[in-house]
Amino acid sequence: MKAASSYTRIYAVVRKIPRGRVATYGQVAELAGLPRQARQVGYALAALGRERVPWHRVINARGEISPRSDPGPEQLQRVLLEREGVGFDANDRVALARHLWQPRLRRARARRR
DNA sequence: GGTCTGACTAGGT
DNA sequence: AACCTAGCCAGAC
């Protein structure tokens, strides 16, 4: 059977990022079952239409808002994050240690005895 | 259908 | 800590 498109899976993961937290592209990719496809996450978000997805909560592994080839959304992204309580340091970076989303790993189904 | 591109990343200098 | 490079791989042409 055909799996859902990777974009769909990516959006599903991004929708789980709680308010006030951020996730990295690589992290989202991993959680979406697409290891090493961090770039795809960026493309998926760039292709977003009207879907309600908190795209602003996805930043790069260095804690920065990734520069777009077509600048513009970066500023909005920052505003949206700040509005949720995510702070930036003097270098425009988010303290990942403090704001990185740490989803509880779904514990493997307990093996039935 | 080969090449190029890029909201990325890990590792080396 | 900033900068470079190689690896990455789905889409667009």
Side-chain angles (χ1 to χ4, degrees):
Chain A
M1 92 160 230
K2 183 64 181 90
S5 79
S6 46
Y7 280 13
T8 300
R9 293 161 67 175
I10 288 167
Y11 297 156
V13 170
V14 175
R15 271 190 282 257
K16 293 180 185 169
I17 306 172
R19 225 172 159 283
R21 321 229 55 184
V22 296
T24 68
Y25 295 95
Q27 181 182 10
V28 171
E30 183 77 43
L31 291 169
L34 304 167
R36 277 163 272 137
Q37 293 189 61
R39 306 184 97 151
Q40 281 306 118
V41 174
Y43 305 148
L45 296 180
L48 266 176
R50 303 241 226 21
E51 300 91 329
R52 213 161 22 262
V53 174
W55 55 271
H56 60 284
R57 297 180 186 146
V58 184
I59 62 180
N60 68 33
R62 296 162 37 185
E64 317 172 298
I65 286 175
S66 287
R68 315 292 203 270
S69 56
D70 182 11
E74 297 93 331
Q75 203 172 343
L76 170 61
Q77 181 167 11
R78 175 163 180 156
V79 169
L80 290 174
L81 285 175
E82 292 181 323
R83 183 181 294 171
E84 300 186 347
V86 175
F88 289 77
D89 63 20
N91 299 311
D92 300 316
R93 296 212 289 222
V94 169
L96 291 181
R98 177 177 160 144
H99 295 288
L100 186 65
W101 177 39
Q102 298 176 308
R104 321 197 79 206
L105 272 48
R106 183 181 293 271
R107 170 177 297 228
R109 188 183 309 276
R111 195 182 309 284
R112 198 134 18 99
R113 274 166 291 124

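Lettering follows sequence order; numbering is per chain, from 1.
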What string of B, S and - do you get for nucleotides 8-13 of chain B 5' to 3' if you count protein non-hydrogen atoms under 4.0 Å?
-> BS----
Measure from the side-chain N and O atoms of E74(A) to the backbone N and O of G72(A), and report whether any donor-acceptor pair falls under 3.5 Å.
->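 Side chain of E74(A) to backbone of G72(A), a donor-acceptor pair under 3.5 Å: yes, one is there.
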Tell me the interatomic distance from [X], atom [atom1], to [N], atom [atom2], rounded to whole angstroms.
X: E30(A); N: dC9(C); atom1: CD; atom2: P; value: 13 Å
X: W55(A); N: dA7(B); atom1: CH2; atom2: C1'; value: 10 Å
X: D89(A); N: dA1(C); atom1: CG; atom2: C1'; value: 13 Å
X: Q75(A); N: dA7(B); atom1: CD; atom2: C1'; value: 16 Å
X: R36(A); N: dA10(C); atom1: CZ; atom2: C1'; value: 15 Å

Candidates H99(A), R93(A), E82(A) - the one meeting side chain to side chain contact (heavy atoms under 4.5 Å, CB included) with F88(A) =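 Option passing the side chain to side chain contact (heavy atoms under 4.5 Å, CB included) with F88(A): E82(A).
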Which pairs, with at least one residue in residues 33-50 of chain A and sequence neighbours excluded, count as a salt bridge (charged side-chain N to carboxylate O under 4.0 Å, His left out)?
->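 Listed once each, the pairs would be none.
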Between CG of L76(A) and CG of L81(A), what distance do you get to the nearest 0.5 Å?
->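 It comes to 9.5 Å.
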Options dA10(C), dA7(B), dC8(C), nucleotide nearest the side-chain atoms of Q37(A) =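 That would be dA10(C).
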Looking only at side-chain N and O atoms, does S69(A) come under 4.0 Å of OP1 or OP2 in dA7(B)?
-> yes
Quick one: label Q77(A) by what it contacts on the DNA or RNA (base, sugar-phosphate, nothing), any heavy atom closer than 4.0 Å.
-> base
Any idea which heavy atoms bring Y11(A) and A47(A) closest together, and the distance?
->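 Of all heavy-atom pairs spanning Y11(A) and A47(A), the closest is OH-C, 4.0 Å.
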If you take all heavy atoms of A61(A) and T24(A), which pair is closest and at what distance?
-> CA-CG2, 3.8 Å
